[in-house]
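Read the structure below first, then the notes.
Fair warning: this is a prediction, and the values are worked out from it, not measured in the lab. All values below were derived from every heavy atom in this structure, side-chain atoms included, with hydrogens, water molecules and symmetry-related copies excluded.
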Amino acid sequence: MSEKTIPILPCRTIQPVLDFYTTLGFEVTFQQKSPNVYAAVALGGIQLHFFGMKDYEPTESFSTCIVQTDDIDGLHETFRARLKAAHGRVPVRGLPRIGSLKDTSHGVRQFLMTDPGGNCIRFGQQMSDDQHHRPVPRETFDRAVHQASLLADSREDLTGAAKIIDRALRPRDERPTPVQLLRLLVLRADVATRLGDEEAAASALAAAKAVHLTAEEQESVHDDLARLTQLLS
């Protein structure tokens, strides 16, 4: 069998979308202006097609697709580097934007990227044959990280994610381990940055920098420390 699937995604204005993907390293392989606005881009084995819709509202878009890769870390690093070189920063809020790299509860290592047309492209690398979601952690702070991550990334409910984290960080008899604290603070900083709340982001980043971790603990939160570095840069 030689079948393949190519998503066709909507956009109100096609040129900003094409400019975005060429910045990432894609090649425009086809473009037409009439009778219908249509274009295609490609990078390696990735092909994405787009069509124009005059009344389309990118900020209200629900369009999405999955791109599977065997080098998720390399792809994420390349996209971030190209965006920063082109714009002087890596966009994490508004349109376009690119999310952080993380392991999900269903065995996929992934990041989400939303283009100027509002299309969310989910880049992922399958790390397990079991694609079912793992059980929600019972432990208080691990559960908070799990639930806040789902709200922030899968549902883009940043305000809801912030509330979960802030509740978990309130003083109580039960205290998080250094690893749990670091993960909560980095996620809080990430959410605050995406919300444009500079004060909350700065506070969470300062607290995260002050968390002491052993070498073994640092290895267990490699992605969180990488995100911390990105947020501080």
Side-chain angles (χ1 to χ4, degrees), residues 3-102 104 108-126 149-161 190-191 193-196 230:
E3 291 82 359
K4 62 182 177 181
T5 299
I6 300 174
I8 304 178
L9 304 169
C11 59
R12 184 168 59 190
T13 306
I14 210 159
Q15 194 57 51
V17 173
L18 299 182
D19 292 343
F20 174 72
Y21 283 98
T22 54
T23 295
L24 296 177
F26 284 75
E27 175 188 0
V28 177
T29 56
F30 178 78
Q31 184 174 4
Q32 72 174 26
K33 296 183 179 180
S34 64
N36 302 304
V37 176
Y38 196 95
V41 299
L43 175 66
I46 305 171
Q47 293 189 50
L48 300 173
H49 288 205
F50 303 93
F51 67 97
M53 288 182 64
K54 290 183 179 179
D55 298 327
Y56 179 73
E57 178 48 60
T59 60
E60 298 177 1
S61 174
F62 291 95
S63 61
T64 186
C65 70
I66 294 173
V67 173
Q68 295 181 327
T69 177
D70 59 3
D71 185 19
I72 190 69
D73 289 74
L75 203 59
H76 187 251
E77 182 179 353
T78 296
F79 286 174
R80 282 183 53 86
R82 283 180 168 272
L83 287 170
K84 188 170 185 178
H87 305 292
R89 63 181 182 86
V90 179
V92 297
R93 57 191 297 255
L95 295 177
R97 62 182 179 270
I98 185 170
S100 57
L101 182 63
K102 59 183 64 179
T104 69
V108 175
R109 185 164 174 77
Q110 72 171 20
F111 68 92
L112 277 56
M113 184 181 74
T114 305
D115 66 27
N119 304 296
C120 178
I121 315 299
R122 299 169 179 265
F123 293 89
Q125 182 172 354
Q126 196 72 39
S149 293
L150 285 179
L151 284 182
D153 297 327
S154 296
R155 302 182 185 179
E156 294 193 350
D157 182 358
L158 300 174
T159 301
D190 180 88
V191 168
T193 298
R194 291 157 67 181
L195 283 169
Q230 294 166 0

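Closest heavy-atom contact between Pro7 and Gln47: CD-O, 3.6 Å. Contact between Cys11 and Phe50 at its shortest, heavy atoms only, is SG-CB, 4.2 Å. Closest non-hydrogen pair, Arg194 versus Val92, comes out as CG-O, 3.3 Å. Contact record, Val17 with Gly117: CG2-N, 3.7 Å, taken as the closest heavy-atom pair. Between Thr23 and Ala86, the shortest heavy-atom distance links the atoms CG2-CB, 3.6 Å. Taking all atoms of both residues into account, the shortest heavy-atom contact from Phe20 to Pro96 is CE1-CB, 3.5 Å.
Here the side chains of Ile46 and Ile121 are not in contact, with every heavy-atom distance at 4.5 Å or above. Contact annotation: the side chain of Leu101 approaches that of Arg109 to within less than 4.5 Å [non-hydrogen atoms, C-beta and beyond]. A 4.5 Å side-chain heavy-atom check between Leu43 and Leu24 finds every atom pair outside the cut-off. By the 4.5 Å heavy-atom criterion applied to side chains, Phe51 and Pro10 are counted as neighbours.
Distance OG1/Thr114 to CZ/Arg93: 14.0 Å, rounded to 0.5 Å. If you take CG on Leu112 and SG on Cys120, they are separated by 4.0 Å, rounding to the nearest 0.5 Å. Between atom CD of residue Gln110 and atom CD of residue Gln68 there is a gap of 11.0 Å, rounded to the nearest 0.5 Å. In this structure, the separation between SG on Cys65 and CD1 on Ile6 is 11.5 Å, given to the nearest 0.5 Å. To the nearest 0.5 angstrom, Phe111 atom CZ is 4.5 Å from Ile72 atom CD1. Atom CG of Leu83 is separated from atom CZ of Arg89 by 9.5 Å, given to the nearest 0.5 angstrom.
With respect to Val191, the side-chain contact (heavy atoms from CB on, under 4.5 Å) criterion is satisfied by exactly one of Asp157, Leu158, Asp153, Leu151: Leu158.
Panel note: side chain Glu27, backbone Thr29; no donor-acceptor pair is recorded below 3.5 Å. Remark: the backbone N or O of Ile66 is not paired with any side-chain donor or acceptor of Arg122 at under 3.5 angstrom. The main-chain N or O of Asp71 is found under 3.5 Å from a side-chain atom of Thr69 such that the two form a donor-acceptor pair.
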Pair Tyr21, Asp115 - check side-chain contact (heavy atoms from CB on, under 4.5 Å), show working.
CA-CA 8 Å; Tyr21 283 98; Asp115 66 27; 2.8 Å; yes
Full working for side-chain contact (heavy atoms from CB on, under 4.5 Å) between Ile14 and Gln31
CA-CA 9 Å; Ile14 210 159; Gln31 184 174 4; 4.2 Å; yes
Could you check Val41 against Thr22 for side-chain contact (heavy atoms from CB on, under 4.5 Å), going step by step and ending with a plain yes or no?
CA-CA 8 Å; Val41 299; Thr22 54; 5.7 Å; no
Pair Gln15-Asp19, side chain to side chain donor-acceptor pair (under 3.5 Å): steps then yes or no:
CA-CA 6 Å; Gln15 194 57 51; Asp19 292 343; 2.9 Å; yes
For Lys54 and Val37: C-alpha separation, side-chain torsions, deciding distance, then whether side-chain contact (heavy atoms from CB on, under 4.5 Å) applies.
CA-CA 10 Å; Lys54 290 183 179 179; Val37 176; over 6 Å; no
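Listed by chain and residue number, nothing satisfies the salt bridge (charged side-chain N to carboxylate O under 4.0 Å, His left out) test with Glu60 (two or more places apart in sequence, or in another chain). Annotation: salt bridge (charged side-chain N to carboxylate O under 4.0 Å, His left out) contacts of Glu156 (sequence neighbours excluded): Arg97.
Applying the 6.0 Å contact sphere to CZ of Phe30 captures more than 12 heavy atoms from other residues, nucleotides or ligands.
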Would you be so kind as to tabulate the donor-acceptor pairs closer than 3.5 Å made by side chains of residues 74-81, with sequence neighbours excluded?
unit_1: His76; atom_1: NE2; unit_2: Gly99; atom_2: O; d: 2.9
unit_1: Thr78; atom_1: OG1; unit_2: Gly74; atom_2: O; d: 2.9

